[in-house]
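All values below come from the heavy atoms of this structure, side chains included, with hydrogens, waters and symmetry mates left out.
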Amino acid sequence: MSASPSRIAAIQAANYYRVPATLPYKDAHSASLYGSAVFNEKVMQARLPKAVYKSLKKTIETGSPLEAGTADVVALALKDWALERGATHYAHIFTPLTGITAEKHDSFLEPDGKGGAIAEFSGKQLIQGEPDASSFPSGGIRSTFEARGYTAWDVTSPCYVSESPNGTTLCIPTAFVSWTGEVLDLKTPVLRSMKALDEQARRILKLFGHHNIAMVTATAGPEQEYFLIDRNFYLARPDLVSAGRTLFGAKPPKGQEFEDQYFGVIPERVQAFMHESEAELYRLGIPVKTRHNEVAPSQYEIAPIYENANIAADHQQQIMITLKKVARQYGMECLLHEKPFAGVNGSGKHLNWSLGNATQGNLLEPGHTPHENMQFLVFCAAVIRAVHKHAGLLRACVASASNDHRLGANEAPPAIISIFLGDQLTDVFEQLKKGAAKSSKKSGTMHLGVDTLPVLPKDAGDRNRTSPFAFTGNKFEYRAVASNQSIAALLTALNTIMSESLDYIATKLEKAPKGKFNAAVAAVLTEIAKEHMAVVFNGNGYSEEWHNEAAKRGLPNLKTSPDCLPVLTAKETIAAYEKYGVLSKRELEARRDIAYEQYVKAVNVEANLVLELAITKIYPAAVRYQTELAKNVAAVKAAGGEPLTCMLEWVTEQIAALAAACKKLSEAREHHASGLVAEAAHSCEEVLPAMLEVRKAVDALEGIVADDLWPLPTYEEMLFISK
């Protein structure tokens, strides 16, 4: 291990860390804790007048407009409830186009005109806030000298209180729009897309003879992967602090090759962190369910039960904030970058997505005989058609400089968007392709050969971890979302393209002659199976054979962000988003331009860090070691011996390679292309490869230079010490 003084200090701090006994486990996981910090239905029912409660509940459950006067009554109840919990401020919480949660705090206190102050909170203050819109990315929608923007209360996402050692704040989920009414956030399109999905899904359900149909909502359950390392190591790595990932780092002697990390015993320090994180999330009414070790050393996962997609998106933002906050209380840093360490598993966010309502249940539930479940087949066919038509859009929604390091690697699905249906459903749709489905492959049971072990029910098909979009029993799992991304943009896309497909199917079925409905359904299913089954693939998505096969099928393979970002403003994307009132062409163009800007900025920051670290830390350490070796060679010669010069020559060779690579990167960084598209292409094709050349030289030097001279914590230290 290290002999560097700064690294020794970090190792000792990590090694001697002891978990503080601050959170009784049973209290943290009691049912009474769940939702205790949320202004939920139970609280509303207790605190609001009956008529106001019914009005508010109707708005939440049916999407009907909020009745006049309701906001003032709710505001008063919210204020009293929050003040009882020690709140001093309220904050409108929103998600601007940075993808990072933003908040503006205002005090409840207002001067009373008599030298004192009183706590005030009106319906107007609840409904609308006014943060500065010019300092957030807008893609040209707002000029820097035009500042006004509005936050608008989202009544469908519950308010909550956020507690800290220094105070408590009432948090109000809101949408964020410009003074001109154009969308500047990620929430508003989700809400609009859910409205469109509800309308089109109800058309289908009505055709199947249902009455009094409850509002159809998309549901989501994102599984969050993350790394935990000791904070001492984190602070000693400027690349982790500023870029979120290690830009240098030689492969450790042991990585994940023994496959002994996955679902392994959770280390004590990490488990204490998990207990406290979950307690915080339970208080906020976030239904986290699962936790476990992930594939890579120091990598973990937390997964909630699925819920209303809009609320799930809000909760996902809170999960990321909570993980970061609580990790620091335990002397650790939570890393949410997709690829913080090269050569080991990266982190994603698998999004489980479905749709359903209170009257018909989950609309993607196939039942025991899916070939006979025509309603399910219609909704499933709509998914197949939507994904096939808009595969590029689904890829573009998760595009970023950081996610490009992960997509297509062995721990993530490839950049080719395909659907895994499993043996049972694939067989049904292959039958439909030929004209009619007459059977379904049966599930069975599994006997384990030991009398004391139970007989296990066996699914009709296996799962496929290499598929970007996999059917997993009664929902689809989109596996390409980045660990640090909001799920909102993807939810918007899924809801919108699903609305388009349901609209297409409903329009055809509504034209069916009386008494010919079943035949019309069969005809539509056969048509979709024939035209869109190319997107279904149940094999190994990592294989080179699939890449070749996907090309034959005409599926896009958009490997990098510059490759796929143009899809955000493709003709078919604009048509779908505008038809259902989700986003305008101008708003889509703004999102595309912001994505290009963020890509270029991310690569530029990393290039700056690579040069800074290579020149000010790595090069001096390597030269000092070179000097030591040169002195040794000279001393041996002076003593009449025959010195070994191979190490000196090796170090000298790598130092030269480092200097040349730094020069090349500096030149690439200083070049500026004309326009965002060209700049992003240059970053991708010139700057990133130049950065890799610097890394190659640095990582080679890490394996040569004396350990007491090496300035940065190593992968071996960061991934294996402190837990």
Side-chain angles (χ1 to χ4, degrees), residues 99 222-227 243-246 256 294-296 299 301 335-353 387 390-420 464-470 476-487 489-491 493-494 535 537 539-551 555-568 592 595-596 598-600 602-603 606 680-681 683-685 687-689 691-692:
E223 304 165 16
Q224 175 73 62
E225 295 174 338
Y226 59 95
F227 279 84
R245 75 179 180 106
T246 54
Q256 63 187 57
E294 255 299 334
V295 172
Q299 187 186 32
E301 180 178 298
L335 305 178
L336 294 176
H337 193 283
E338 296 82 345
K339 199 74 172 176
F341 302 101
V344 299
N345 202 55
S347 294
K349 185 148 41 199
H350 301 175
L351 178 64
N352 295 284
W353 174 87
V387 174
H390 297 281
L393 174 62
L394 296 181
R395 168 67 180 91
C397 285
V398 297
S400 69
S402 51
N403 209 19
D404 283 357
H405 295 293
R406 172 179 165 267
L407 291 180
N410 284 340
E411 82 283 355
I416 305 167
I417 303 299
S418 62
I419 295 176
F420 169 81
N464 188 322
R465 65 182 299 272
T466 71
S467 174
F469 201 73
F476 283 90
E477 180 185 33
Y478 188 69
R479 302 183 67 249
V481 189
S483 175
N484 64 2
Q485 282 179 327
S486 166
I487 61 174
L490 179 64
L491 286 173
L494 285 171
V535 78
F537 176 67
N540 181 6
Y542 297 155
S543 68
E544 188 61 35
E545 291 80 8
W546 166 234
H547 284 238
N548 297 332
E549 172 64 21
L555 301 182
N557 185 1
L558 305 173
K559 296 181 180 180
T560 69
S561 293
D563 290 337
C564 62
L565 290 179
V567 180
L568 293 175
R592 177 203 60 198
Y596 274 123
Q598 290 180 333
Y599 181 87
V600 171
V603 174
E606 290 188 352
S683 297
C684 181
E685 297 164 10
V687 178
L688 284 173
M691 287 166 54
L692 286 175

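With hydrogens and angles disregarded, no donor-acceptor distance shorter than 3.5 Å links the side chain of Y478 to the backbone of L490. The closest donor-acceptor contact from the side chain of S483 to the backbone of E225 lies under 3.5 Å. At distances below 3.5 Å, at least one donor-acceptor pair connects side-chain atoms of D563 with backbone N or O atoms of T560. Judged purely by atom type and a 3.5 angstrom limit, R592 has no side-chain atom pairing as donor or acceptor with the backbone of V567.
The OG atom of S467 sits 8.5 Å away from the CD1 atom of I417 when rounded to the nearest 0.5 Å. For the atom pair CD of E301 and NE2 of H350, the computed distance is 7.0 Å after rounding to the nearest 0.5 Å. In this structure, L393 CG and L494 CG are separated by 8.5 Å, a value rounded to the nearest 0.5 Å. The line from OG of S543 to CG of N548 is 8.5 Å long, rounded to the nearest 0.5 Å. Atom NE2 of residue H405 and atom NE2 of residue H337 lie 5.5 Å apart, to the nearest 0.5 angstrom. Note that the CG atom of N403 and the SG atom of C397 stand 12.0 Å from one another [nearest 0.5 Å].
Using cut-offs of 30° and 60° for the angle between ring planes, the F476 and F469 rings count as parallel.
Pairing each heavy atom of G392 with each of P556, the nearest pair is N-CG, 4.2 Å. The two atoms that bring R479 and R406 nearest to each other are O-NH2, 3.0 Å, heavy atoms only. For the pair C564 and A396, the tightest heavy-atom approach, listed with the atom from each and the gap, is O-CB, 3.4 Å. The two atoms that bring V344 and A296 nearest to each other are CB-CB, 4.1 Å, heavy atoms only. When all heavy atoms of H547 and G541 are compared, the closest pair comes out as NE2-O, 4.0 Å. Minimum heavy-atom separation, Y599 to A680: CE2-O, 3.5 Å.
Counting heavy atoms from C-beta on, the side chains of D404 and L688 never come closer than 4.5 Å. Contact annotation: the side chain of W546 never approaches that of N540 to less than 4.5 Å [non-hydrogen atoms, C-beta and beyond].
The one candidate from E338, K339, Q485, E606 that meets the side-chain hydrogen bond (donor to acceptor under 3.5 Å, both in side chains) condition with S402 is E338. Checked options Q224, E294, Q299; the residue passing with S347 is Q299 (criterion: side-chain hydrogen bond (donor to acceptor under 3.5 Å, both in side chains)).
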